[in-house]
There are 2 protein chains.
Amino acid sequence: MALAHAIMTALLDADLSGSELSRDFETSLGFFWQASHQQIYQELHKLADKGWLNRREVQQSGKPNRIVYGLTQAGREALADWVFGKTRMQSAKDELLLKLYNLNAQNAQHLANEITQRREDMMQRLYLYEKVRRTHYAEPAALPTRHKGVYLALAAGISHGEQFLAWCDEALALLSTVEPA
Amino acid sequence: MALAHAIMTALLDADLSGSELSRDFETSLGFFWQASHQQIYQELHKLADKGWLNRREVQQSGKPNRIVYGLTQAGREALADWVFGKTRMQSAKDELLLKLYNLNAQNAQHLANEITQRREDMMQRLYLYEKVRRTHYAEPAALPTRHKGVYLALAAGISHGEQFLAWCDEALALLSTVEPA
DNA sequence: CTGGGCATGTAATTCGTTACATGATTGG
DNA sequence: CCAATCATGTAACGAATTACATGCCCAG
């Protein structure tokens, strides 16, 4: 049931449409939660049926109409309760590390390429995160309470990203010592 | 299909039974791949049917018999091929960070407790990882090729863990500035 | 000889992914 | 007008979780 709460969390600050939520799950929120647009649309229907979200259609000139969802009071309460429940999920699955277990002279170059690619993706992401930090969270201790939590999630993303870059460098250095087949 | 390859990877060095695999997925491998025993038993049957694993029963005095699985030649080849395919999964889902988005004066203490708990779990895990590194991977550049890959996965776990501890400290410090309700 | 734990498994349900569909809009 | 794109959605399938089941051995 965690996707439901992820969606409601994304709606705390602003009402959003399915595609806007989808984009959030690819960028900011995407660091610690992923969901496809298909999942999101399904879940939005379920949540609206449950009475945790309300739904309204917004006319747009020169664009398809958006269907915008917002938290109801019941939704806010369900979300607040959920925070006190048991926290279970902390899954991390990474095929790349699995593949490294299979390292040999034949595939070393291939794996090095994959790591290089990921390094670049992470740099890109870090650049965005750092920009957000500078512009909105320069002085964490002075933030309003809820924003402190958002800042901490951002900080987790940034420090994980920096650690990852360093690991990539170590990995590429070590892989370069593997003699090609 | 990645669970199949995770299991085969775990069987590269030694033949294992379902419960032994299960334990591996909780500890070493568990850092970047998780699987329940139910999933593992199901997948073992599938893989044996496919001819990628062989299966033999080992009599044990004073214990239930173990059913031990090992890679076949076909399994080794399928695994080697898989390394060259597209690497998609890098999912990370963490309810705790999601909950931090919902930070307020009421739940700050609860969240601080959860972070403290996770910090201790991670310390425990790091202690094990560091011990393995010291005893088996003291000089990475001198390792045989495949072990270099295993080392890199371990190194990813360790540096991620260290980063996480630092983040926990930052988080606890900032949470302590939230006035209780 | 019984209660608890371990190794192995099955079944039902929920969650997530892949593939496909539809209408409307904008760029060329 | 045609191709590409966006927003919304459905269907089928595969993966993962939850709940339950069975036999066997050990400790008390």
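Protein chains get the first letters and strands the later ones, always in sequence-line order, with residue 1 at the start of each. The figures that follow rest on heavy atoms only: side chains count, while hydrogens, waters and symmetry mates do not.
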Nearest to the side chain of B:Tyr41, which nucleotide is it out of C:dT18, C:dT8, D:dG9?
C:dT8
Hey, are A:Glu114 and B:Thr87 close enough side-chain-wise for a donor-acceptor pair under 3.5 Å?
yes
Could you identify which residues of residues 23-37 of chain A place a heavy atom less than 4.0 Å from some atom of DNA chain C, listed by residue number, or say none?
A:Ser36
Considering only D:dA15, C:dG9, C:dC15, which nucleotide approaches the side chain of B:Gln38 most closely?
C:dG9
For B:Arg134, salt bridge (Lys or Arg N to Asp or Glu O under 4.0 Å) partners two or more places apart:
none
With a 4.5 Å cut-off on side-chain heavy atoms, are B:Tyr127 and B:Met123 touching?
no
OP1, OP2 of D:dA16 versus side-chain N and O of B:Gln39: anything below 4.0 Å?
yes
Nearest-angstrom distance from the residue atom CE of B:Met89 to P of D:dG14:
15 Å
Return whichever of A:Ala2 or B:His45 has its heavy-atom-nearest nucleotide of DNA chain C closer to the 5' end.
B:His45
Non-hydrogen side-chain atoms of B:Leu11 and B:Leu21 separated by less than 4.5 Å
yes
Roughly, in whole Å, what's the span from CD1 in B:Ile67 to P in C:dC6?
18 Å
Please list, by residue number, the residues of residues 3-21 of chain B whose heavy atoms come closer than 4.0 Å to an atom of DNA chain C; answer none if no residue qualifies.
B:Ser17, B:Gly18, B:Ser19
Rounded to whole Å, NZ of A:Lys46 lies from C1' of D:dT8 at a distance of 17 Å
With sequence neighbours left out, write down each residue that passes ring pair (Phe, Tyr, Trp, His ring centres under 6.0 Å) with B:Phe31, or none if nothing qualifies.
B:Tyr129, B:His160
Going by side chain to side chain donor-acceptor pair (under 3.5 Å), name the residues that satisfy it together with B:Ser17, two or more places apart in sequence or in a different chain.
B:Ser19, B:Glu20
Nucleotide D:dA7, atom P - distance to CZ of A:Arg66 in whole Å
9 Å
Tell me every residue that passes ring pair (Phe, Tyr, Trp, His ring centres under 6.0 Å) with A:Tyr151, counting only those two or more places apart in sequence or in another chain.
none
Between B:Met8 and B:Trp52, is any pair of side-chain heavy atoms under 4.5 Å apart?
yes
